[in-house]
Amino acid sequence: MSKPYSKKEVYGLDNKHPTKRRKTSTNQIEEKNCSSVEDNFSENDETENAKENVDYLNNLMTKVKEEIKDDPSHVSLFNELVNKKIMSKEIKLQIMEAVLSYLAFPAKDFFNQVVKAQIVESARNNEILFAALFKALGDSKKPVKSKSNALTDFILPCTYFDFTMCEDEQFQEMVHVTRKTAKILIEHIRGIPVDIDNNSDHRALSQRTEPIDKMLFLLLWYLRNDDKNLEDAVSMFELGSLENANRLLNRGVGHVLKLKADAGLLWPTPEEFAYAATSIERRFSFPNVAAIMGHRIINCENGQRMMLQAVVNEKSMFIDACTSFDTRPRVVFNQSMLKNKIQDLNNGLAIVSEEFNVPSKSKKNLLFPYKEGSLVTSTEEQLFNLMHEFVIGILTEAFHHLLARFPRLKLLDRCEPDIVTAACVLHNYCIKLNDLTPL
C-alpha cells in the first residue's frame with residue numbers, strides 16, 4: 001500500500017521529512033518513483049501499459065479539443081482521468097500536465113474564468129490535480145506551505161483576451177467601468193476627427209487602423225491597478241516593448257481628453273447654472289449655489305506633488321479641472337482661468353469653495369465659511385457654516401469616487417497632469433451613463 005502522494009516530491013523539496021510512519025528505503029524508492037498500483041508488472045506489461053497511456057493521452061487531447069469548443073466549462077474529462085485507477089501516478093501526472101498546459105496557454109481562446117474556477121475547485125481535494133495544475137502553469141518551483149491557501153490565491157495573469165471575452169462582472173473588476181461604458185467610449189473616440197497634418201484629408205479615426213479598444217483598455221487598466229506598472233502591460237496587451245506601451249497609453253490619454261466636451265467637462269451655460277442652483281437649493285436649502293470648488297493633492301512616486309483644482313456640479317461631475325505642480329491653492333487659482341469665470345457669474349449665483357487664502361478682491365462670487373472662533377457670533381453664521389459643510393460634501397463625494405474608481409491617482413508613477421484630467425473625463429462619463437460599478 002503506497003503512502004499518500006506528496007507535494008514535496010513534485011516540487012523537488014527536501015525529502016527528509018521525519019514521520020512516525022517512516023517505511024523501509026525500498027518502499028520509499030518505489031513510492032517516490034510513483035510505482036503502479038499493481039506491484040508485480042512484468043516488462044511486457046509495462047511496455048503495453050506505456051503504449052496504452054500514450055494512446056489514452058492522444059485520445060484525451062482530441063476529446064478536449066472537440067468538446068471544449070462547444071462547452072468551454074466542460075471539465076468532466078479531468079474527473080475521468082483522475083479516477084482511472086489502473087494508471088500509475090507518474091503517468092497520470094504527466095497526462096494531467098499536458099492537458100492543463102493545452103488549456104492554459106495554446107488554447108487560451110477556450111480557457112476563460114469559468115474553466116479556471118472549476119479546475120481550481122476540483123483541485124482542492126485532489127493531490128495529483130493540484131500538483132499538475134501548478135507544474136503546467138510553470139509554478140512548480142514555488143514553495144507551497146498550504147494547498148488550500150495556494151489555490152485560494154491562485155490567479156492566472158490577465159491578458160488582453162480577458163478584456164474582450166470575460167464576463168461583464170469580471171470586466172468591471174478589471175477596469176472599474178461597465179462594458180457598456182467602455183463600448184460607448186470606444187464609439188465616441190472613433191468619431192473624433194483626426195487633426196489635419198501635412199494637408200491630409202479630414203477623416204475619422206474609424207477609418208484608420210488604430211487599436212482603439214486596446215488603447216482604451218490599457219488606459220483603464222493602468223488607472224485601475226495601482227499595484228502594477230506599465231511593464232506588466234507589455235506582455236498582457238502583447239505590445240512588444242515598454243516604448244510601445246508608453247506610446248499607446250499617451251495616445252489613449254490624448255484621445256480621452258478630446259472627449260472633454262462630450263463628458264461635460266466644460267463651463268456650463270447660465271441656464272445650466274440656474275438649473276444646478278435650483279437642484280442644490282432643493283436638496284440643501286442653500287440658495288444661489290451654482291457649483292462647488294475645491295483642491296486635492298496628487299502624490300507621485302518620484303516625490304513630486306500635483307494639485308488638482310476642480311469645480312463640480314450638483315451631480316458630482318467635474319465642470320472645470322486644472323492640474324498644476326504648484327500646490328498653493330491661492331497661486332493656482334489666481335493663475336488659472338477659473339478666477340475670471342467665477343467673477344463673470346451673474347444673476348446672484350455663487351460658487352461654494354473650500355477654505356483657502358485668497359485676496360479680498362478675488363473673492364467675488366466665492367462663498368467661504370465663517371472662520372471658527374470669535375468671528376462666528378450669531379446663530380445665522382453657525383447655520384451658514386453647517387449648510388456650507390453639507391454642500392462641500394458633494395465635492396468630497398466626487399473626489400472619493402474618482403480615487404476609488406482609479407486608485408492609480410493615489411500615487412502616480414507617471415507624474416503627468418494630463419492623466420489626472422483624463423481620469424476626470426472618464427469619471428464624468430461614468431456618471432452620465434449611470435455606471436454604478438461597485439467601488
Looking at [X], I'd like to know if its [atom1] atom is crowded, meaning that more than 12 non-hydrogen atoms belonging to other residues, nucleotides or ligands lie closer than 6.0 Å.
X	atom1	result
E169	CD	no
K339	NZ	yes
E389	CD	no
K183	NZ	no

Between the side chains of [X] and [Y], does any donor sit under 3.5 Å from an acceptor?
X	Y	value
Y222	D413	yes
H176	R405	no
N302	R414	no
Q309	S336	yes
T421	D418	no
H388	Y370	no

Does R283 form a side chain to side chain contact (heavy atoms under 4.5 Å, CB included) with E314? I'd like the steps, not just the answer. CA-CA 9 Å; R283 182 176 174 184; E314 78 285 1; 5.7 Å; no

Nearest 0.5 angstrom please: [X] [atom1] to [Y] [atom2], how far?
X	Y	atom1	atom2	value
C300	L411	SG	CG	7.5 Å
I189	D262	CD1	CG	10.5 Å
D168	R179	CG	CZ	5.0 Å
I419	L223	CD1	CG	7.0 Å
E355	I392	CD	CD1	10.0 Å
L338	Q343	CG	CD	10.0 Å

For residues [X] and [Y], determine if any side-chain heavy atom of one lies less than 4.5 Å from a side-chain heavy atom of the other.
X	Y	result
M307	T323	no
L216	H255	no
T181	L185	yes
I280	I292	yes
N365	I351	no
Q304	F325	yes
H427	H401	yes
N428	K260	no

Should the pair K341-D320 be classified as a salt bridge under the 4.0 Å nitrogen-to-oxygen rule?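 Answer for the salt bridge query: yes.
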
State whether K315 and E397 are salt-bridged, where the test is any N-O pair (Lys NZ or Arg NE/NH1/NH2 against Asp/Glu carboxylate O) under 4.0 Å.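 Salt bridge: no.
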
Please assess N250 against E416 for the test side chain to side chain contact (heavy atoms under 4.5 Å, CB included), listing each intermediate value before the final yes or no. CA-CA 10 Å; N250 290 334; E416 299 176 7; 3.9 Å; yes

Check [X] against [Y] and note the closest heavy-atom contact, atom names and distance.
X	Y	answer
A291	V311	CB-CG1, 3.6 Å
A398	V312	CB-CG1, 3.9 Å
A290	F273	CB-CD2, 3.3 Å
S353	L366	CB-CD2, 3.9 Å
I319	L265	C-CD1, 3.8 Å
V234	A245	CG2-CB, 4.2 Å

Look only at the side chain of [X] and the backbone of [Y], and say whether a donor-acceptor pair between them is shorter than 3.5 Å.
X	Y	result
D326	R328	yes
N225	D227	no
D232	N229	yes
T278	A274	yes
K214	L239	no
E272	T269	yes
S316	I394	yes
E354	H295	yes
H400	L395	no
N299	R305	no

What do the steps show when you test C424 against L308 for side chain to side chain contact (heavy atoms under 4.5 Å, CB included), and what is the final call? CA-CA 10 Å; C424 294; L308 172 61; 4.1 Å; yes

According to the interplanar angle, ranging from 0 to 90°, do the rings of F399 and F318 count as parallel (below 30°), tilted (30 to 60°) or perpendicular (above 60°)?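 Rings of F399 and F318: tilted, 30 to 60°.
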
Start with the C-alpha gap between D226 and R408, add the side-chain angles, then the distance that decides, and say whether salt bridge (charged side-chain N to carboxylate O under 4.0 Å, His left out) holds. CA-CA 4 Å; D226 58 331; R408 175 75 62 178; over 6 Å; no

Are [X] and [Y] near enough that their ring centres are under 6.0 Å apart?
X	Y	value
H188	Y429	yes
F368	F384	no
F356	F333	yes

Would W267 and I342 count as a side chain to side chain contact (heavy atoms under 4.5 Å, CB included) if you check the C-alpha gap in whole Å, the side-chain angles of each, and the deciding distance to 0.1 Å? CA-CA 10 Å; W267 200 245; I342 292 178; 4.2 Å; yes

